[in-house]
Amino acid sequence: MKITYDQTYQAPLTDIGAELVRMIKDRDYHSIAERFAYALAYDRPIVEAITADIDFCLVGEQRSAIICQASEARILVNYFKQENSSNLFGLVECFMPLSQDTGELLATLIVTISDQEYHVCLEDIAYIAQ
């Protein structure tokens with residue numbers, strides 16, 4: 001998703017993270033795929049990759065978790081301190097508490113810059129143990 005320079009500040013990126021959290025909680029994986037794509041889809045169709053990776057985080061490895069709908073996600077925005085060859089500018093980490101099991105679901109958005117254009121992409125979906 002292309003964004004403007006003004007959207008690279010902490011508050012707008014937090015809002016973009018909150019939008020992703022809403023989509024995940026609503027299981028609106030088609031909108032996630034259209035809006036953010038998914039860097040770790042590899043050769044899988046994007047919607048199927050997002051679905052499979054979230055499902056694995058929730059029920060893989062003997063877990064039986066669900067995303068806690070009532071809990072607020074913790075959203076952290078961080079920036080890379082210097083230019084790099086990968087054009088990485090920042091990242092937005094969205095930690096969603098889980099119910100029926102310990103841990104959190106972490107969805108990470110990556111912000112890149114190339115030729116003064118900024119883009120946000122869903123980078124990773126992971127289970128974080130507590």
Side-chain angles (χ1 to χ4, degrees):
M1 171 177 90
K2 187 175 177 181
I3 61 173
T4 65
Y5 174 76
D6 290 342
Q7 290 175 294
T8 65
Y9 293 105
Q10 185 171 350
L13 286 176
T14 299
D15 291 343
I16 291 170
E19 178 184 0
L20 174 64
V21 168
R22 280 190 304 278
M23 290 177 182
I24 290 173
K25 286 184 173 184
D26 291 343
R27 297 187 63 86
D28 188 1
Y29 303 147
H30 289 279
S31 293
I32 294 171
E34 289 175 1
R35 188 139 170 90
F36 299 108
Y38 185 31
L40 297 181
Y42 300 112
D43 292 329
R44 303 175 291 172
I46 296 174
V47 174
E48 289 177 23
I50 293 169
T51 302
D53 291 357
I54 289 175
D55 287 348
F56 179 77
C57 290
L58 298 177
V59 298
E61 300 176 349
Q62 307 300 319
R63 285 185 293 275
S64 60
I66 59 172
I67 298 169
C68 186
Q69 295 290 329
S71 295
E72 289 289 321
R74 184 168 41 103
I75 300 173
L76 304 175
V77 176
N78 292 290
Y79 299 94
F80 293 89
K81 296 189 186 284
Q82 51 187 273
E83 291 183 24
N84 52 71
S85 61
S86 299
N87 298 323
L88 300 175
F89 180 82
L91 65 113
V92 181
E93 297 172 303
C94 305
F95 296 88
M96 291 163 264
L98 301 176
S99 298
Q100 297 179 222
D101 210 324
T102 61
E104 296 175 302
L105 178 74
L106 170 61
T108 305
L109 295 167
I110 194 79
V111 182
T112 58
I113 180 173
S114 180
D115 297 324
Q116 299 303 312
E117 289 187 358
Y118 296 88
H119 295 270
V120 176
C121 177
L122 177 58
E123 177 72 17
D124 193 15
I125 299 165
Y127 169 77
I128 304 297
Q130 289 183 331

Interatomic spacing from CD1 in Ile32 to CZ in Arg27 - rounded to 0.5 Å: 10.0 Å
Rounded distance [0.5 Å steps], OG in Ser31 versus CD in Glu19: 9.0 Å
Residues which pass salt bridge (charged side-chain N to carboxylate O under 4.0 Å, His left out) with Asp124, listed by chain and number, not counting sequence neighbours: none
Flag, side chain of Glu123 to backbone of Ala39, donor-acceptor distance under 3.5 Å: no
Any residue meeting side-chain contact (heavy atoms from CB on, under 4.5 Å) with Asp115, in chain and number order, not counting sequence neighbours: none
With Ala52 via side-chain contact (heavy atoms from CB on, under 4.5 Å) - residues at least two apart: Arg44
side-chain contact (heavy atoms from CB on, under 4.5 Å) evaluation trace for Phe56 with Arg63: CA-CA 9 Å; Phe56 179 77; Arg63 285 185 293 275; 4.2 Å; yes
Closest non-hydrogen atom pair, Met96 against Ala73: CG-CB, 4.0 Å
ILVMFWY cluster, Leu13 and Tyr9 together (side-chain gap under 4.5 Å): yes
Leu106 reachable from Leu20 in the ILVMFWY side-chain graph, under 4.5 Å edges: no
Min side-chain heavy-atom separation Leu109-Phe36 under 4.5 Å: yes
Considering all heavy atoms, the nearest Ile3-Ile16 contact: CG2-CD1, 4.1 Å
Distance (rounded to the nearest 0.5 Å) between Thr8 OG1 and Ile113 CD1: 8.0 Å
Closest approach of Cys57 to Leu105 (non-hydrogen atoms, all atoms of both residues): CB-CD1, 3.4 Å
pair Lys25-Val21: side-chain heavy atoms closer than 4.5 Å: yes
Least distance between heavy atoms, Val111 atom then Val120 atom: CG2-CG2, 4.0 Å
Whether Glu117 side chain and Ser114 backbone form a donor-acceptor pair below 3.5 Å: no
Side chain to side chain, Thr108 and Val92, heavy atoms closer than 4.5 Å: no
Single-linkage hydrophobic cluster Val59~Ile125, side-chain heavy atoms < 4.5 angstrom: yes
Residue pair Ala107 / Leu122: nearest heavy atoms and the distance that separates them: CB-CD1, 4.3 Å
Validation row: Glu61, Tyr127 side chains within 4.5 angstrom (heavy atoms): no
Contacts of type side-chain contact (heavy atoms from CB on, under 4.5 Å), residue Asp26, not counting sequence neighbours: Asp28
For Tyr79, all residues meeting ring-ring contact (aromatic ring centres under 6.0 Å, His included), sequence neighbours excluded: Phe89
Side chains of Cys121 and Thr112 in contact at under 4.5 Å (non-hydrogen atoms): no
Which residues share a side-chain contact (heavy atoms from CB on, under 4.5 Å) with Phe80, sequence neighbours left out: Asn84, Leu88, Leu91, Ile110
Shortest non-hydrogen contact from Met23 toward Arg35: CE-CD, 3.9 Å
Leu40 side, atom CG; Ile46 side, atom CD1 - distance, nearest 0.5 Å: 11.5 Å
Rounded distance (nearest 0.5 Å) linking atom CG of Leu98 with atom SG of Cys68: 8.5 Å
Gap between atom CD of Gln10 and atom CG of Leu76 - 0.5 Å precision: 9.0 Å
Cluster link Ile67 to Tyr38, ILVMFWY, side chain under 4.5 Å: yes
